[in-house]
Protein chains: 2
Amino acid sequence: MNPTDPHNSEHRKNIVQLLRSHGISPTVQRVKIASTMLLRPQHLSAEQVLTLTNQTGRPVSKATVYNSLGLFARKGLIRELFVDQERAFYDSSTHPHHHFYNPLTQEICDIDPESVSVNLNAQPPADTEISGIEVVVHLRPKQ
Amino acid sequence: MNPTDPHNSEHRKNIVQLLRSHGISPTVQRVKIASTMLLRPQHLSAEQVLTLTNQTGRPVSKATVYNSLGLFARKGLIRELFVDQERAFYDSSTHPHHHFYNPLTQEICDIDPESVSVNLNAQPPADTEISGIEVVVHLRPKQ
DNA sequence: CTGCTTGCAAAGGCTTTGCAGAACA
DNA sequence: TGTTCTGCAAAGCCTTTGCAAGCAG
């Protein structure tokens, strides 16, 4: 059995557990969407998730994909990325890490965590605390 | 004469020069929009720029505000910020600096440049070079 | 004159919502 | 049986564009 096959039952069982552990009830559609998202480390737009998810089996509606991705992000299962104005991207890795972004190709890729460090000594404004740090390194074609 | 009055002629002359030096022909509307934007260090949405610009004198259309802000950003006169999916923000300071962002209040504020440092040793992907680094520190209400 | 700019309205693209039916507990 | 979830279509919002009229050089 191919362990990366999103349709094998072991993978499916892990996804169900993962959803439950994040307080998300594992409906058929949510499991399918989460399987697509979490198959490998990747950065996908909602539209891409929709397309990939619907390559097999019973299709999931666009509204459900958008709503589920929003839910997953709120529950901390995936991370929502704000790299440009065009569309949201969703990152299957939630551990702290940063990104290169090429606006021309709309490609996002992780920066090796070893090679970037952010040092912050500033106090957050009154009555607020830091919920996350996002570093986006914008790229352009050389020359 | 109040030197911060956006309608005094000295300020206006500086704006015209500034636009010219960025390769932007200084039409009446663009000077008005740039005056609003550059009056002080600030972070404004297009809608806010529209409202502020049209508080005095002959109104500028929404399309012209959007197009001009896009032009200014492309020419390096202001900086476009990608902090959330809702809308773009424009920053009147173009020198490298980073931001706190409170998604609940939609407030952006600068982080004291002294108190944040980013160390990047990663090589950008092939045939690309770094065009800018954006650090956004997301905030949430304390507790 | 000739090309750039404006401004209105309309279109466009991404995302959310209303609501009826289906699934679930 | 009551609550939650889905999915279609429609609406909503920010932003861009088409095009005719205006302005600048």
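Values below: all heavy atoms of this structure, side chains included; hydrogens, waters and symmetry mates excluded.
Proximity of A:S25 to the phosphate of D:dT4: no side-chain N or O atom is located under 4.0 Å from OP1 or OP2.
Using a 30° and 60° split on the angle between ring planes, A:H97 and A:H43 fall in the tilted class, from 30° to 60°.
Heavy-atom distances to DNA chain D give each of A:Q29 and B:E47 a nearest nucleotide, and the one nearer the 5′ end belongs to A:Q29.
Residue A:P26 is out of contact with every strand shown, counting any heavy-atom pair closer than 4.0 Å. Backbone-only engagement by B:V60 is indicated by non-hydrogen atom pairs under 4.0 Å involving sugar-phosphate atoms exclusively.
Proximity of a side-chain donor or acceptor of A:S68 to a complementary backbone N or O of A:V65 within less than 3.5 Å is not detected. Looking only at distances, a side-chain donor or acceptor of A:T53 sits under 3.5 Å from a matching main-chain atom of A:V49. Side-chain atoms of A:Q42 come within 3.5 Å of backbone N or O of A:T36 as a donor-acceptor pair. Between the side chain of A:S131 and the backbone N or O of B:H138, at least one donor-acceptor pair lies under 3.5 Å.
Rounded to an integer number of Å, the gap from CG of B:L50 to P of D:dT15 is 12 Å.
Criterion: ILVMFWY side-chain heavy atoms under 4.5 Å apart, direct or through other members. Under it, A:I33 and A:L19 are part of a common hydrophobic cluster. Both B:I111 and B:I133 belong to a common hydrophobic cluster when Ile, Leu, Val, Met, Phe, Trp and Tyr are linked at side-chain heavy-atom distances under 4.5 angstrom.
For the segment residues 63-89 of chain B, the set of residues with a heavy atom within less than 4.0 Å of an atom of DNA chain C comprises B:A63, B:T64, in numerical order.
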Report all side-chain donor-acceptor pairs from residues 22-31 of chain A shorter than 3.5 Å, counting only partners two or more places apart or in another chain.
unit_1, atom_1, unit_2, atom_2, d
A:H22, ND1, A:L18, O, 2.9
A:S25, OG, A:R30, NH1, 3.2
A:T27, OG1, A:R30, N, 3.2
A:R30, NH1, A:S25, O, 3.0

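Nucleotides of DNA chain C with any atom under 4.0 Å from a heavy atom of chain A span, from 5' to 3', C:dC14 to C:dT17.
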